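Take a look at the structure below.
A, B, ... follow the sequence lines: proteins, then strands. Residue 1 opens every chain. What you are looking at is a predicted structure, and each value in this text was computed from that prediction instead of being measured.
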Amino acid sequence: MKSSDRRSIIEGHDLTYEYLHYDDDGNVDASYRALKGVSLDVKEGQFIAILGHNGSGKSTLARQLNALLVPSGGTLFVDGLDTREEKNVGAIRQAAGMVFQNPDNQIIASVVEEDAGFGPENMGVPTKEIWERVRKALKAVGMWEYRESSPNRLSGGQKQRVAIAGVIAMKPKCIVLDEPTAMLDPGGRAEVIRTVRELNRTDGITVILITHYMEEVIYADRVLVMDEGAVVMSGTPREVFSNVRALKEIRLDVPFVTELADRLKERGVPLPDGILTVEELTEELEKIRHGDQNRAS
Amino acid sequence: MLKDMTIGQYYPGNSLIHRLDPRVKLLGTLVFIISLFTFSSISAYALATVAVLTVVAVSRVPLRYILKGLKPIFILMLITILFNLFMTPGTAVLQIWKLKMTEEGIRFAIHMAVRLTYLIIGSSILTFTTTPNSLTDGLESGLGWMNRLHVPVHEIAMMMSIALRFIPILMDETDKIMRAQEARGADFQSGGVFHRVKAMVPLLVPLFVSAFRRANDLALAMEARGYHGGAGRTKMKPLVYHRKDWIAFLVMAGYVAAQILLRIFVKI
Ligand SMILES: Nc1ncnc2c1ncn2[C@@H]1O[C@H](COP(=O)(O)OP(=O)(O)O)[C@@H](O)[C@H]1O
Ligand SMILES: [Mg+2]
């Protein structure tokens, strides 16, 4: 199925958002425009990555998708529902789950399984079905053996997987992860990314991954790059990373291999743009070496 | 120091007492405490002793462990007893300087000592055998009727369970901040009480900042998962009375009846 045939799960048009600051009398005395006309269209089953420097508005955008914030201007439809309508809020939060950065501050219960059940409890799901969902969700993230543990005893990566399970148990169509790996060690990061990719591929859950680790976006179908409240680049990871200079201008790093390939190219090595993995680079270099040998003989 | 406190902690186990419905245990503790203050004869205390010892035996929590929990409040108890000994008016038995120890005072002090000890033991059996979660569940469901008096029972229970979840996290954090400040020359160990309390003040600022940030994050996470208060919520682990719980209610009623009978027929 081509992605353009699929149904849109998130449709945002010309979104703006202003943080307002009120004085003591409740009048607006300051405002900050954190989103300046963002448009996006995410199809069901896609894996979208959002990159951007600190303060570029990624979290502000993420919070719109879960109706934690509603747009000041423009329109946003999540699963066909207008986020500005109060009556849609429950359904939107069920359709688009959210995982946050700090693993400690989003686990509510003191037992893993009870935390996974928190969302379904809020939705009014019958007891028997809650257990069913919790079992499935914890198994999907590989945390079923830890169901009776206290979250305090888990590693950062495990806590994030519990948080993901808490969202999965609500049977969402889409998961928005706002820098879920920012506070984890490399092992924990790999754990979380593997879990998210798995959910995307096997269950067809739409994933919107916000991150500033470049290595994590190479699996995405599409990458959006944000700067100062606007989407400044978008395309496949390869397309986005072919533009090393533009990324650096908005203070973003590129994956190490991409950077290496770019520097080699500057020195005259004939490499293509947007190399993303070590394997690709070695392959290209092999090709060049073979070419040289052929010419020499 | 906080780590040595056994009072209020959970002692993992799988005894009959552990498995009872938390509402049964809450009511049982309440009944027991009320009985201590209503029935105060030697025979009543004897019966209470038998009851406590039986429950402790069934719960398989070592008695030694329970008694250890009494230590931190020993001083408080001593003060209460001394106060009662000397401040109760009545016939003097002993006079030290201007303080008179009275016969009534002695009797009263003994009563207080017995009651306080049993009150602590009774409530620690509750906390030793009930996980904090099931305790808050029990409170929420057992006090559900107070909703009608506009007491936000669900919200209070939710606050309690969140507090229980975050206490260890904040303790850890305190520890970290302390070590970070010690590394930069802060001194929490030496000096008098006043000095040490003063040294704690710079600790509180980062701790409060962090606690508020956590509270903010948590509120957002709860909202994102569809939390909208207690209305329309279902329970993953609803409380259901089983046969053993009904039997426990009967035992409780038996205890109260026995106390009443003792008061009527045995006059000591
Ligand atoms: N609650 C708030 N009130 C006012 N300004 C805010 C608030 N939250 C974020 N901002 C501002 O909005 C901008 C975007 O923030 P955010 O969406 O958190 O960025 P990111 O997640 O990409 O780091 C930043 O300049 C930030 O200072
Ligand atoms: Mg952010």
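With A:N122 as the fixed residue, the side chain to side chain donor-acceptor pair (under 3.5 Å) test singles out one of B:H228, B:E223, B:R225, B:R233: B:R233. Considering B:I169, B:D217, B:D172, B:L218 in turn, B:I169 is the only one that fulfils the side chain to side chain contact (heavy atoms under 4.5 Å, CB included) rule with A:D104.
Taking A:I107, A:N66, A:V99 one by one and counting their heavy-atom pairs under 4.5 Å with chain B, the maximum is reached by A:I107. In terms of heavy-atom pairs under 4.5 angstrom with chain B, the leader among A:G124, A:P172, A:G117 is A:G124. Between chain B and the residues A:E114, A:Q106, A:Q94, the most heavy-atom pairs under 4.5 angstrom are made by A:E114. For chain B, the option among A:V89, A:I130, A:N102 with the highest count of heavy-atom pairs below 4.5 Å is A:I130.
When heavy atoms are compared at a cutoff of 4.5 Å, A:I92 does not approach chain B at all. Contacts of A:F118 with chain B are made by both backbone and side-chain atoms, with heavy-atom separations under 4.5 Å. Both the backbone and the side chain of A:D115 come within contact range of chain B, with heavy atoms under 4.5 Å apart. Heavy-atom distances place the backbone of A:P120, and not its side chain, under 4.5 Å from chain B. Using a 4.5 Å cut-off between heavy atoms, A:A169 makes no contact with chain B at all. Contacts of A:V134 with chain B are made by side-chain atoms alone, with heavy-atom separations under 4.5 Å and no backbone atom involved. Neither the backbone nor the side chain of A:E129 comes within contact range of chain B, judged by heavy atoms closer than 4.5 Å. Both the backbone and the side chain of A:E113 come within contact range of chain B, with heavy atoms under 4.5 Å apart.
Judged by distance alone, with hydrogens and angles left aside, the side-chain atoms of B:T234 form a donor-acceptor pair with the main-chain N or O of A:V125 at under 3.5 Å.
In this structure, A:K139 places its NZ atom where more than 12 heavy-atom neighbours from other residues, nucleotides or ligands lie under 6.0 Å away. Within 6.0 Å of the NZ atom in B:K176, the count of heavy atoms belonging to other residues, nucleotides or ligands does not exceed 12. More than 12 heavy-atom neighbours from other residues, nucleotides or ligands sit within 6.0 angstrom of CZ on B:R19. The number of heavy-atom neighbours closer than 6.0 Å to CZ of B:R60, taken from other residues, nucleotides and ligands shown, is 12 or below. B:K237 NZ: more than 12 foreign heavy atoms inside a 6.0 Å radius. The neighbour count for B:I75 CD1, taken as heavy atoms of other residues, nucleotides or ligands under 6.0 Å away, does not exceed 12. The neighbour count for A:E86 CD, taken as heavy atoms of other residues, nucleotides or ligands under 6.0 Å away, does not exceed 12. By the 6.0 Å contact criterion, CZ on B:F249 is enclosed, its count of non-hydrogen atoms from other residues, nucleotides or ligands being greater than 12.
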Evaluate the criterion side chain to side chain donor-acceptor pair (under 3.5 Å) for residue pair B:R165 and A:N152; output intermediate values, then yes/no. CA-CA 8 Å; B:R165 154 129 176 76; A:N152 295 333; 3.1 Å; yes

Hey, mind stepping through B:M236 and A:T127 against side chain to side chain contact (heavy atoms under 4.5 Å, CB included) and telling me if it holds? CA-CA 5 Å; B:M236 182 179 180; A:T127 301; 5.8 Å; no

Would you please test B:K235 and A:E121 for salt bridge (charged side-chain N to carboxylate O under 4.0 Å, His left out) and show each step? CA-CA 6 Å; B:K235 285 256 163 211; A:E121 282 185 331; 5.2 Å; no

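Pairing each heavy atom of B:G226 with each of A:M170, the nearest pair is N-CE, 4.4 Å.
We find the OG-CG distance between A:S110 and B:L164 to be 6.0 Å, quoted to the nearest 0.5 Å.
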